Amino acid sequence: DVQLQASGGGLVQAGGSLRLSCAVSEFVFDDYAIGWFRQAPGKEREGISTIRRSDGSTYYADSVKGRFTISSDNAKKTVYLQMSSLEPEDTAVYYCAVTVLIRLWMSAPLVAQTYDMWGQGTQVTVSS
């Protein structure tokens with residue numbers, strides 16, 4: 001079975017950095033996209049960044065553009081989310097998800113319904 005394992009969350013002070021990892025196991029598709037989402041208490045799940053395996057194309061939400069960087073190591077089937085200049089508003093549970101629906105992904109890269117499978121979340125807490 002395909003599994004996504006997100007890790008790297010923790011507690012950090014405002015202005016600090018964290019790097020999240022999402023490892024995809026048992027995945028045999030040549031092309032897919034990995035997305036990062038987050039959900040804060042009482043708020044809807046928000047798509048924040050995504051990367052396509054085949055060509056490395058990326059998308060970012062305006063809320064994280066310039067502060068977060070997504071990258072991938074295809075050999076390790078792992079996607080990273082480097083988060084810098086963290087703010088208390090970034091506090092949330094962060095999830096990674098995968099989709100093979102590339103045509104849909106190209107039109108809706110940060111929409112949760114685009115993604116087929118989800119990993120468990122990892123908590124990120126930013127203190128002020």
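The structure displayed is predicted, hence computed values, not measured ones. Residues take their numbers from the sequence shown, with the count starting at 1. Quick note: numbers below take in every heavy atom, side chains included, and nothing from hydrogens, waters or symmetry partners.
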Residues forming a salt bridge (charged side-chain N to carboxylate O under 4.0 Å, His left out) with Arg45, sequence neighbours excluded: none

Aromatic contact, Tyr32 with Trp105 (centres under 6.0 Å): no

From [X] [atom1] over to [Y] [atom2], what is the distance, rounded to the nearest 0.5 angstrom?
X: Ile51; Y: Ser72; atom1: CD1; atom2: OG; answer: 4.0 Å
X: Gln5; Y: Gln120; atom1: CD; atom2: CD; answer: 4.5 Å
X: Arg19; Y: Thr69; atom1: CZ; atom2: OG1; answer: 12.0 Å
X: Asp31; Y: Asp55; atom1: CG; atom2: CG; answer: 7.0 Å
X: Trp118; Y: Tyr95; atom1: CH2; atom2: OH; answer: 9.0 Å
X: Leu4; Y: Ser21; atom1: CG; atom2: OG; answer: 12.5 Å

Plane angle bin for Tyr94 and Phe68 - parallel if under 30°, tilted between 30 and 60°, otherwise perpendicular: tilted

Gln82-Ser71 side chain donor-acceptor pair, cut-off 3.5 Å: no

Exercise: do Thr125 and Gln123 side chains pair donor with acceptor under 3.5 Å: yes

Short side-chain to backbone donor-acceptor contact, Thr78 and Lys76, under 3.5 Å: yes

Matching residue for Leu86 among Val64, Leu18, Thr91 - test: side-chain contact (heavy atoms from CB on, under 4.5 Å): Leu18

Test side-chain contact (heavy atoms from CB on, under 4.5 Å) applied to Tyr60 and Ile48, Leu110, Thr50, Ile70, the passing residue: Ile70

Listed once per pair and sorted, the salt bridge (charged side-chain N to carboxylate O under 4.0 Å, His left out) pairs that draw on residues 90-110, sequence neighbours left out: Arg38-Asp90, Arg67-Asp90

same_hphob_cluster(Leu104, Met106) at 4.5 Å side-chain heavy-atom cutoff: no

